[in-house]
Participant: 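First the structure, then my questions, so here it is.
Predicted model, so just to flag it, every value in this text is computed and none were measured.
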Amino acid sequence: MRMSRYFLPVLKETPAEAQIASHRLMLRAGMVRQAAAGIYSWMPLGYRVLKRIEDIVNQEQIRAGHIPLLMPTLQSASLWRESGRYDDYGEEMLRIKDRHGRDLLYGPTNEELITDIFRSHVNSYRDLPLTLYHVQWKFRDEIRPRYGVMRGREFLMKDGYNFDVDKASAIHSYNRHMVSYLRTYERMGLQAIPMRADTGPIGGDYSHEFLVLADTGESEVFFDNSILELNLDGREIDFDSEASCRAIVDEWTEPYSRTDETHDESLFETTVPEVRRRKSRAIEVGQIFYFGTKYSEPMGATVADSEGRRVPVHMGSHGIGVSRLVGAIIEASHDEKGIVWPEPVAPFPVGILNLSQRDSNAEAVCLSICRDLEAKGLEPLYDDREERAGAKFATMDLIGLPWRIVVGSRGLAKGAVELTRRIDGESETIAPEHAAERIAEIYAAY
RNA sequence: CGGGGCGUGGCGCAGCUUGGUAGCGCGGCGGUUUUGGGAACCGCAGGUCGUUGGUUCAAAUCCAAUCGCCCCGACCA
C-alpha cells in the first residue's frame with residue numbers, strides 16, 4: 001500500500017481527551033475516531049489491527065473445535081424476560097423501542113439468544129458436546145466510558161457458549177477454553193494470566209479472567225511470579241483430550257494468581273514464597289465461565305440423555321474482548337515514540353521508507369521490494385510521500401510497524417538498504433533483492 | 001447519579017475578569033529553496049466562538065436554559 005494513496009490521518013499533537021498511552025497513540029496514529037462517548041469509528045489502520053486480532057481469535061476457536069455463527073446486535077426483550085435478566089441487568093443494558101412499541105435491546109451478551117437457538121434445534125445428547133461462538137459488537141451503557149477502546153460502550157467481543165450433557169463434560173469444555181485462550185493470547189504476543197474470578201452478573205461457579213499486566217490496568221492482581229515462566233510455545237494440543245487439556249489447566253492454575261476480587265492475602269503469604277509474590281495492575285482481556293443449568297433450566301434447553309430422560313444442558317460462556325485487545329496490546333507494547341506492534345497483529349508486516357523520493361532509482365527499488373513482498377503474501381506500507389526523512393521516520397515509529405526497510409540514495413550507492421526492527425532499533429544492511437526474502441523468513445515464524 | 005472542569009478553524013490553545021466585528025502554534029493549499037530523524041521563507045484558504053433564548057446601541061465575552069465532552073467516585077469486558 002502506498003502511503004500517498006492510503007488514509008492515515010496521523011496527529012502530531014495529542015488530543016486533550018486521551019489519558020492513557022493506548023488511547024493517545026490510537027488517536028495519534030489515526031486508528032480510531034471517537035463518534036460519541038465510548039463509541040468509535042475504526043479508521044483504516046485501526047481496522048486492520050482489529051481484523052488481525054479477530055482472525056487469530058477465529059483461527060484458535062476453530063482449532064479448538066468451536067463453531068462460528070453470527071447473532072444479531074439487536075435482540076427482542078422477550079427472551080430476556082424469560083431468563084429473568086431483563087430486569088436484573090439494569091441501566092447498563094441499552095433499551096430501545098421499535099415503531100410498534102415493542103421492547104428491544106442492544107445485546108450486552110448473548111446467552112438468551114444462543115439458548116433459544118439451541119433449544120429449538122438440539123434434542124439429543126448425541127448432538128453434544130457443542131460449542132457455538134460469534135464475534136459481534138456489543139453495547140453496555142457504561143456510566144462512564146473512558147480510556148478509548150479499552151472501556152468503550154460499544155465493543156467487539158468474541159463470545160462463545162458450550163452445551164454439554166453433564167457437568168464433567170462441561171468442565172472439559174471449560175478447560176478446553178482455557179487452553180485455547182492461552183494459545184490465542186500467546187499468538188498475539190501477549191502474556192495473559194488466568195486468574196480465579198468472581199462470576200459477576202452472569203452467574204455460576206467456575207470462572208477465570210485473563211489479565212495482561214499493565215500499569216494502567218483497572219484491576220489489581222496478585223500472583224506467583226513463577227506463572228510468568230509458563231508458555232505453550234507451540235506445543236501440540238489435543239483439544240478433544242480431557243487429560244491433555246486438564247494437564248495444561250493444572251499447570252496454569254497451580255501458581256497463585258488472583259484479582260483483588262478473589263484475593264486471599266493469608267493464602268497468598270502461606271503458599272507463595274516472598275520473593276515470588278507479585279502485585280501489579282492488569283487489564284482484563286477475557287473471561288470464561290461454567291454456569292451449569294442457570295439458563296437451560298428456566299429456558300427449557302434440555303436434551304434426551306442416553307436413557308431417554310430430558311435433562312437440562314450444562315452450559316458455559318466465554319468472552320474475549322477483541323476491540324479491547326487492541327488497546328491492551330498497545331498498553332503492553334509501546335515506547336515514547338509510539339506503538340510497537342507484535343508481528344502477528346501488526347497492521348502491516350513492514351514499512352518501506354523512501355528517503356530519496358525524487359531519485360527514480362530509489363523509487364524503482366522500493367517498488368521492486370513491494371512487488372517481491374506481495375508475491376510472498378506480505379503487504380508492505382510504502383511511505384512514498386514527499387516528506388523529509390524525519391517526518392517519515394516519526395510516522396513509522398508512531399504507527400509501530402515491527403519492521404522497516406529504509407531505502408535512500410546514500411545506501412543504494414553501496415547497493416544496500418537498511419532493515420530495522422522497531423522494538424529495539426537493531427538494524428542490518430541488506431541487498432534490496434534479498435529484503436523481501438528476509439522479511440518472509442521473519443514472518444514464517446508466526 | 002454525586003463532585004469538578006471544558007466546548008473558539010482539522011488538532012493544541014489564547015482572548016472572556018473589565019462587552020466594541022476573533023488571534024497564535026501545528027496541520028492544509030500554492031510557490032521558492034531544502035532533502036538520512038517531525039525543514040525555512042513568501043503567499044493563501046479555512047471559524048454560525050456547541051445550541052437556544054435573554055440583557056445591551058453592540059455579546060466569544062454578561063445572564064438563563066439546553067446539548068456534548070473530559071476528570072474523580074460508585075459500576076464494568
Side-chain angles (χ1 to χ4, degrees), chain A residues 9-20 23-24 27-28 30 33-39 89-93 107-110 135-159 181 192 197-202 207-212 217-219 259 261 282-289 317-328 337-338 353-359 362 383 385-398 404-414 416-418 420 425 427 429:
Chain A
V10 299
L11 266 29
K12 203 180 232 179
E13 289 169 289
T14 302
E17 72 265 24
Q19 303 295 312
I20 62 170
H23 190 195
R24 193 170 65 233
L27 291 171
R28 285 198 52 213
R33 176 175 168 81
Q34 180 166 310
I39 300 175
Y89 221 95
E91 292 290 302
E92 208 174 281
M93 185 157 74
T109 177
N110 288 63
V135 178
Q136 177 62 290
W137 292 93
K138 305 289 190 292
F139 194 91
R140 292 187 193 169
D141 198 1
E142 298 284 343
I143 296 167
R144 186 154 81 88
R146 61 183 122 174
Y147 304 147
V149 301
M150 296 262 289
R151 197 161 145 206
R153 293 193 293 172
E154 188 185 49
F155 56 98
L156 187 63
M157 179 175 167
K158 170 260 157 185
D159 49 321
Y181 275 30
D198 263 358
T199 49
I202 293 173
S207 182
H208 278 86
E209 292 178 332
F210 293 79
L211 291 114
V212 173
E218 75 278 54
S219 310
T259 65
E261 291 170 343
I283 301 163
E284 190 192 333
V285 293
Q287 187 162 12
I288 56 176
F289 299 89
S317 72
H318 333 88
I320 292 179
V322 175
S323 51
R324 162 176 275 207
L325 271 167
V326 179
K337 292 178 187 165
L353 270 65
N354 186 347
L355 298 190
S356 309
Q357 200 59 51
R358 298 202 172 144
D359 173 344
D383 190 346
R385 295 173 302 161
E386 290 282 346
E387 285 288 348
R388 297 168 60 93
K392 293 194 178 189
F393 282 121
T395 298
M396 200 53 74
D397 288 341
L398 174 63
R404 75 164 188 235
I405 296 170
V406 171
V407 177
S409 32
R410 188 192 292 177
L412 287 180
K414 290 178 276 184
V417 297
E418 182 188 57
T420 305
S427 68
T429 52

Participant: Would you mind reading off the distance between A/Leu353 atom CG and B/G38 atom P, rounded to a whole angstrom?
Facilitator: 13 Å

Participant: What integer number of Å spans the C1' atoms of B/C11 and B/G54?
Facilitator: 34 Å

Participant: With nearest nucleotides of RNA chain B determined for A/Glu261 and A/Glu17 from heavy-atom distances, which residue corresponds to the more 5′ nucleotide?
Facilitator: A/Glu17

Participant: May I ask you to say what A/Arg385 touches in the nucleic acid, namely base, sugar-phosphate or nothing, with a heavy-atom cut-off under 4.0 Å?
Facilitator: nothing

Participant: Write down the partner of B/G7 under the Watson-Crick or G-U wobble criteria, each distance required to be under 3.5 Å.
Facilitator: B/C67

Participant: Rounding to an integer number of Å, can you tell me how far A/Tyr89 OH sits from B/A77 P?
Facilitator: 7 Å

Participant: Quick one: look up who B/G43 pairs with, Watson-Crick or G-U, both distances under 3.5 Å, and put none if it's unpaired.
Facilitator: B/C29

Participant: May I ask you to say what A/Glu387 touches in the nucleic acid, namely base, sugar-phosphate or nothing, with a heavy-atom cut-off under 4.0 Å?
Facilitator: nothing

Participant: Can you name the nearest heavy-atom pair linking A/Gln287 to A/Ala197, along with the distance?
Facilitator: NE2-CB, 3.7 Å

Participant: By the 4.0 Å heavy-atom rule, please label A/Gly390 as base, sugar-phosphate, or nothing.
Facilitator: sugar-phosphate

Participant: If the P atom of B/C42 is compared with that of B/G25, how far apart are they to the nearest Å?
Facilitator: 11 Å

Participant: Given the rule in the side-chain contact (heavy atoms from CB on, under 4.5 Å) test, do A/Arg324 and A/Ile283 qualify, once you have shown the distances and angles that lead to the verdict?
Facilitator: CA-CA 9 Å; A/Arg324 162 176 275 207; A/Ile283 301 163; 4.2 Å; yes

Participant: Using a cut-off of 4.0 Å on non-hydrogen atoms, how would the nucleic acid contact of A/Glu418 be classed: base, sugar-phosphate, or nothing?
Facilitator: base

Participant: I need the A/Glu418 CD to A/Arg404 CZ distance, nearest 0.5 Å.
Facilitator: 6.0 Å

Participant: Considering heavy-atom distances to RNA chain B, does A/Arg144 or A/Val406 have its closest nucleotide positioned more toward the 5' end?
Facilitator: A/Val406

Participant: At 4.0 Å (heavy atoms only), tell me whether A/Glu284 reaches a base, stays on the sugar-phosphate, or touches nothing.
Facilitator: sugar-phosphate

Participant: Heavy atoms from C-beta onward define the side chain here; which of B/G36, B/C71, B/G37 lies closest to that of A/Arg146?
Facilitator: B/C71

Participant: Scan A/Gly90 against the nucleic acid and name what it touches under 4.0 Å (heavy atoms): base, sugar-phosphate only, or nothing.
Facilitator: nothing

Participant: Starting from C1' on B/C1, measure out to CD on A/Glu92 and report it in whole angstrom.
Facilitator: 15 Å

Participant: Considering only the C1' atoms, how many Å lie between B/U18 and B/C13, rounded to the nearest integer?
Facilitator: 22 Å

Participant: Between B/C26 atom C1' and A/Leu11 atom CG, what is the distance in whole Å?
Facilitator: 10 Å

Participant: C1' atom, B/A77 versus B/G3: distance in rounded Å?
Facilitator: 27 Å

Participant: Between B/G38 and B/G12, how far apart are the two C1' atoms, rounded to whole Å?
Facilitator: 16 Å

Participant: To the nearest 0.5 Å, how far apart are OG1 in A/Thr395 and CZ in A/Arg385?
Facilitator: 4.0 Å

Participant: Base, sugar-phosphate, or nothing: which does A/Gly319 touch, judged by heavy atoms less than 4.0 Å apart?
Facilitator: nothing

Participant: To the nearest 0.5 Å, what is the distance between CG on A/Leu398 and NZ on A/Lys12?
Facilitator: 12.0 Å

Participant: Just call it for A/Thr395: base, sugar-phosphate, or nothing, with non-hydrogen atoms closer than 4.0 Å on any strand.
Facilitator: base

Participant: Under a 3.5 Å cut-off for both distances, is B/G2 Watson-Crick or wobble paired, and to whom?
Facilitator: B/C72

Participant: Just the rounded figure in Å: distance from P of B/C72 to CD1 of A/Ile20.
Facilitator: 11 Å

Participant: Of the options B/C75, B/C11, B/C69, whose atoms approach the side-chain atoms of A/Glu13 most closely?
Facilitator: B/C11

Participant: Give A/Gln34 one of three labels, base, sugar-phosphate or nothing, depending on what nucleic acid heavy atoms sit under 4.0 Å from its own.
Facilitator: sugar-phosphate

Participant: Starting from P on B/C70, measure out to CD1 on A/Ile143 and report it in whole angstrom.
Facilitator: 15 Å

Participant: Which nucleotide sits closest to the side chain of A/Ala391: B/C76, B/G36, B/G38?
Facilitator: B/G38

Participant: Ignoring backbone atoms, test whether A/Gln19 places a side-chain nitrogen or oxygen under 4.0 Å from the OP1 or OP2 oxygen of B/C72.
Facilitator: no

Participant: Any side-chain N or O of A/Lys12 under 4.0 Å from OP1/OP2 of B/G38?
Facilitator: no

Participant: Roughly how many Å apart are B/A64 and B/U21, using the P atom of each and rounding to a whole number?
Facilitator: 25 Å

Participant: Test side-chain contact (heavy atoms from CB on, under 4.5 Å) on A/Ile320 and A/Val285; report intermediate values, then the result.
Facilitator: CA-CA 6 Å; A/Ile320 292 179; A/Val285 293; 5.9 Å; no

Participant: Any salt bridge between A/Arg151 and A/Glu142, counting N to O under 4.0 Å?
Facilitator: yes

Participant: Rounded to whole angstrom units, what separation is found between the CZ atom of A/Phe393 and the P atom of B/A39?
Facilitator: 12 Å

Participant: Identify which nucleotide among B/C76, B/U34, B/A74 has an atom closest to any side-chain atom of A/Arg140, counting heavy atoms from C-beta outward.
Facilitator: B/C76

Participant: Between atom NZ of A/Lys392 and atom CD of A/Gln357, what is the distance when rounded to the nearest 0.5 Å?
Facilitator: 4.0 Å

Participant: When the ring planes of A/Tyr181 and A/His318 are compared, do they come out parallel, tilted or perpendicular, using 30° and 60° as the limits?
Facilitator: perpendicular

Participant: For B/A77, which nucleotide in any strand shown is its Watson-Crick or wobble partner with both distances under 3.5 Å?
Facilitator: none

Participant: Select base, sugar-phosphate, or nothing to describe what A/Glu142 touches, counting heavy atoms under 4.0 Å on all strands.
Facilitator: base

Participant: Kindly indicate whether the side chain of A/Arg24 and the base of B/G12 share any N or O donor-acceptor pair separated by less than 3.5 Å?
Facilitator: no

Participant: Can you check the distance between B/U52 and B/G27, where both ends of the measurement are the P atom (answer in whole Å)?
Facilitator: 33 Å

Participant: Tell me which nucleotide, if any, is Watson-Crick or G-U wobble paired with B/C62 when both distances must be under 3.5 Å.
Facilitator: B/G54

Participant: Is the aromatic ring centre of A/Phe155 closer than 5.5 Å to the centre of the six-membered base ring of B/A77, with the two planes inclined by less than 30°?
Facilitator: yes

Participant: Calculate the interatomic distance between A/Leu398 atom CG and B/C11 atom P; express it in whole Å.
Facilitator: 17 Å

Participant: Assign A/Arg33 to base, sugar-phosphate, or nothing according to its heavy-atom contacts below 4.0 angstrom with the strands shown.
Facilitator: nothing

Participant: Sticking with atom C1', work out how far B/C26 lies from B/A14, rounded to a whole angstrom.
Facilitator: 15 Å

Participant: Looking across every strand, which nucleic acid part, if any, lies under 4.0 Å from A/Ala394 by heavy atom: base, sugar-phosphate, or nothing?
Facilitator: base

Participant: Give a yes or no on whether a donor-acceptor pair under 3.5 Å exists between the nucleobase atoms of B/G38, that is its base, and the side chain of A/Arg28.
Facilitator: yes

Participant: Should the side chain of A/Arg151 and the base of B/C75 be counted as holding a donor-acceptor pair, with the cut-off at 3.5 Å?
Facilitator: yes

